[in-house]
Amino acid sequence: MSLNIIPAPNKIELYGGEVRAAELPVEYVTDSSFGEEKYVLDIQKNKVTVISKGEKGKHYAKITYMKLTENGNVPLCRITDEPAFPFRGFMIDSARHMQTVDEIKKYILAAAEFKFNVFHWHLCDDQGWRIESEAFPELLTKAAYRDCHGFGSDNGERYGGYYTKAEIRDVVDFCKEHFIDVIPEIDMPGHTTAIISAYPELSCRGEQIPVATNGGIFKDILCAGKQEVYDFCFKLLDEVLELFPFEYVHIGGDEAPKARWCSCEKCQAVIKREGLKDVEELQGYFANRIVTYLEEEKGKKVIAWNETLNSGIVKDSVVIADWMDRTDKCAEYANKGGKVIAEDFYHYYLDYPYGMTPLKKTYGYSPYIDKLNEEGKKNIIGVETPIWTEYVEDFDRMCYMCFPRLIACGESGWTKESNKCYKSFRERLCSYEGKLLSIGIRMADEAEWDPNFITRAKDIVKRWIDCLNPQAISVFLFPNRDEKKDK
Ligand code: ACM
Ligand code: ZN
């Protein structure tokens, strides 16, 4: 049974008939046995009853009710609904290309409509630092700007900027109004070219390097052997976390090539001192020091990308974001009790063309990754879909790439698998075009959503030729090759 709502409510009982919505009084009832996000929306001829534990459930009931009443009449029904997963995230990369605060708010508003509850904000990377800082002013004068626009559309112009603390607080407050937590990501030890350009002493070699202007994976990363690196990270996190009063913080940990660590005396000395096996374990040691600080001094829970598991020694309290795990480490981690977020590259990376990742493929993805046992299934806490912006320079392009695929991820986050149906999703989707346009978001045309075989093949070839630079491919496919060469 289907109403025009995304995500599909988990239980709908139709009483039959409909009534004019404007004439109905609404009664709110508290039920303390409900989960925080659960709601019941009971629409009778003469009144509407909303049952929830508190404000969150009420909020989701309201979103559902507003959609049901958009045409004036509302069907008489009882909806009993709660999410499949507690973590339903969307990520925006504001490091490679920035969005204005107004654009970010539009995106948040759209995500809220589909009952997302986490905004993961990727605020620093090799190509730019984007948070106002008083503790480290050179992040603003140096790390926030790159010499030219880059990423293949080089117009020679300097590119950059950062969000002021006031702007970030404004976004955070906006999210709070929509029951969305904001998780900042401070990616470390890799993807730190911009930071190192401002503070070269934080890298192993201490050499001056420019902010990156192209995509890829860069060899200069934070040195794991220098105490001043840890002091820098702690002080930086102190400052950043003042802006984000939420449960989680994301510390990245992806794509950190170890060439520099292999040939750095200080890194090697830590390996020896701590009895670590190799540079992979050194990344685990690095992560654990940051995690311990965040947990014990700041009271935070920590999220990290799945490469963090490669060391085999990372603290089991860390929540792992599974974007690309070829060796089932995430399933193993979940089976042993570790928490995992499903963020699969092949299904949820919205910067890839529809030809590579059609809507149906995104929709059909099961967050229950392979090799999970019953315990492991319980430890998949949710889904997240990122938009990386190397090749997404403006907001129109971003909307085209993300809508409607973000909406498909939203349904997987909320609607239990047994209640999902692609045909029904497609039908319901059409009723959202007007709502999204009223927010300022234009979806990709329907003809683009599920392209045919030829378009798909073309997109795959084009993407690999145009977008991935040879350095990125080589480090990605042969992570150890450069290390050997460098020694
Ligand atoms: C990632 O896409 N490097 C997390
Ligand atoms: Zn080092």
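All values below were derived from every heavy atom in this structure, side-chain atoms included, with hydrogens, water molecules and symmetry-related copies excluded. Just so it is clear, the model here is predicted, and its values are computed rather than measured. Atoms within a ligand are numbered from 1 in the order they appear, just like the ligands themselves.
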### Task
Specify the protein heavy atom at minimum distance from atom 3 (N) of ligand 1: its residue, its atom name, and the distance to 0.1 Å.
Asp254 OD2, 2.7 Å
### Query
Relative to Phe151, does Arg96 satisfy both conditions: NZ or CZ under 6.0 angstrom from the six-membered ring centre, and within 45 degrees of the ring's axis?
no
### Query
Which of the atoms in ligand 1, numbered in the order shown and given with their element, are less than 4.0 Å from a heavy-atom of Tyr349?
1 (C), 2 (O), 4 (C)
### Query
At a 4.0 Å threshold, what atoms of ligand 1 neighbour a non-hydrogen atom of Glu255?
3 (N)
### Query
If you draw the axis of the six-membered ring of Tyr163, does the NZ or CZ of Arg130 fall within 45° of it and under 6.0 Å from the ring centre?
no
### Task
Report, rounded to 10°, the angle at the Zn ion (ligand 2) between the two atoms SG (Cys223) and SG (Cys204).
110°
## Note on the structure
Of Tyr363, Tyr365, Phe90, Trp323, the one forming a ring-ring contact (aromatic ring centres under 6.0 Å, His included) with Tyr348 is Tyr365
### Message
If you compare all heavy atoms of Ile381 against all heavy atoms of Tyr248, which two are closest, and at what distance to 0.1 Å?
### Response
CD1-OH, 3.9 Å
#### Entry: ligand 1 contact by Phe345, heavy-atom criterion under 4.0 angstrom
no
### Query
If you look at every heavy atom in Val318 and Tyr333, which pair is closest and at what distance?
O-OH, 2.5 Å
